[in-house]
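Read through the structure below, which is laid out as structure tokens, and then see the notes.
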Amino acid sequence: MQERIQEIKEQLQSKVSTVTTLNELNDLRVEFLGKKGSITELSNYMREIPNEEKKEFGSLLNTIKNEANDLLNAKKEELELEELQKKLNDETIDVTLPGTKLTVGGTHPLTKVIDEIEEIFVSMGYDVVEGPEIEQDLYNFEKLNLPKGHPARDAQDSFYITDEMLLRSQTSPVQARTMDANLEKTPIRIICPGKVYRRDDDDATHSHQFTQIEGLVVDKNISLADLKGTLEILAKRLFGEDREIRFRPSFFPFTEPSIEVDVSCFKCGGVGCPICKDTGWIEILGSGMVHPNVLKGCGYDPEKYTGFAFGIGPERVAMLKYGITDIRNFYTNDVRFLQDFNRVEGGE
Ligand code: DAH
């Protein structure tokens with residue numbers, strides 16, 4: 001028996017010394033100490049051992065089990081340490097190597113202006129809505145009090161797709177769509193940012209595609225004073241707390257009265273400079289009280305309801321705010337322009 005035990009011990013020692021992985025070591029543990037392992041099976045001899053020797057044999061068995069465990073555990077620690085060392089060597093990071101430069105994008109100046117204006121109106125309880133860019137003549141013109149043949153249609157030389165469909169020339173059709181969908185529900189308080197299209201020749205101040213933000217409020221007892229107060233808040237938040245606004249009479253078919261709104265020059269404060277062309281005032285948007293024909297045509301009784309509307313040109317606002325002199329810069333996607341702009345704005 002002693003020899004058998006010695007033999008097993010030697011076998012284990014020699015096998016352990018050749019093991020190189022934790023998996024192999026685990027296999028060895030099973031081979032010797034598993035349910036059918038050679039050390040475990042030694043206890044089968046217990047039956048054949050005379051009673052007076054059983055105690056001694058038992059303690060011998062325990063000893064060899066403990067020794068085997070110690071041997072395997074020591075090897076396990078050794079292999080784990082080796083593995084860790086290998087990992088550390090393989091995964092060394094050379095912190096002195098030059099890094100990969102990440103190019104960070106910036107927000108387009110137009111997007112900044114649109115976001116800013118949206119935020120101002122959302123804080124006053126407006127919803128931001130959208131309308132289709134391919135629009136029906138019905139919404140783009142007719143429901144806005146511009147019947148076929150109306151001379152004011154010429155001012156918005158449009159891209160027609162069929163006799164009745166066109167690329168919208170303004171965001172105003174969203175006014176009509178919103179009223180149509182609301183069926184005399186009030187209040188309506190919306191703004192609608194989006195792209196519009198006109199058959200203009202592109203130059204420093206014209207683009208065949210540009211953006212507008214439409215605004216519409218409809219409720220009982222809405223007055224010109226509400227319009228003025230609202231636009232004053234817009235002007236101050238957009239161009240600075242000291243700004244004042246003034247109204248000038250104008251004409252739009254869908255508003256009566258129609259008003260053009262100027263803001264006191266944010267550059268010179270009103271004394272006169274190149275930005276305000278020495279007038280002290282800068283025109284920022286068109287607006288007015290919703291024409292009764294528009295209300296009626298969209299299902300709102302003009303005897304009960306009134307409203308105001310306005311249309312802002314984000315390009316113009318961005319050009320004023322950021323001193324951009326050519327509208328084409330917004331659309332030619334020249335990264336140098338956009339980078340320049342983002343540097344000015346505290347970007348890279
Ligand atoms: N849609 C007009 C345009 O493109 C701008 C405008 C003026 C919109 C007055 C309005 C408004 O809602 O009340 O020239």
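Note that ligands are numbered from 1 as they come in the structure, with each ligand's atoms numbered from 1 the same way.
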Problem - Least distance between heavy atoms, I327 atom then M319 atom - result: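 Here I327 and M319 meet closest at N-CE, 3.5 Å.
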Counting from 1, what ligand 1 atoms have a heavy atom of [X] closer than 4.0 Å?
X    : result
G288 : 13 (O)
A309 : 12 (O), 13 (O)
S287 : 9 (C), 11 (C), 13 (O)
F252 : 7 (C), 9 (C)
Q175 : 12 (O)
Q212 : 3 (C), 4 (O)
T255 : 13 (O)

Got [X] and [Y] here, is their nearest side-chain heavy-atom distance under 4.5 Å?
X    : Y    : value
D137 : D163 : no
F252 : H291 : no
I188 : V217 : no

Exercise for the section: Assert yes or no for the condition that the ring centre distance of F121 to F310 is strictly below 6.0 Å. Expected result: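 F121 vs F310: aromatic centres under 6.0 Å.
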Handout entry: Salt-bridge contact D200-R198 (side-chain N to carboxylate O under 4.0 Å)
Key =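 Salt bridge flag = no for R198 with D200.
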Can you tell me which portion of [X] lies within the under-4.0 Å heavy-atom range of ligand 1? Options are side chain, backbone, both, or neither.
X    : result
S172 : side chain
F308 : neither
R198 : side chain

Problem - Flag for E315-T211: side-chain donor and acceptor within less than 3.5 Å - result: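 Per modelled atom types, T211 and E315 side chains form a pair under 3.5 Å.
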Exercise for the section: Report the relative orientation of the aromatic rings in H208 and F159; use parallel for angles under 30°, tilted for 30 to 60°, perpendicular for over 60°. Expected result: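 Rings of H208 and F159: perpendicular, as their planes differ by over 60°.
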Quick one: nearest non-hydrogen protein atom to [atom], plus distance?
atom                    : result
atom 11 (C) of ligand 1 : F254 CE1, 3.5 Å
atom 1 (N) of ligand 1  : Q170 OE1, 2.7 Å
atom 12 (O) of ligand 1 : E214 OE2, 2.6 Å
atom 5 (C) of ligand 1  : G311 CA, 4.3 Å

Exercise for the section: Establish, for the pair K228 and F247, whether the NZ or CZ atom is under 6.0 angstrom from the six-membered ring centre and no further than 45 degrees off its axis. Expected result: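 Yes.
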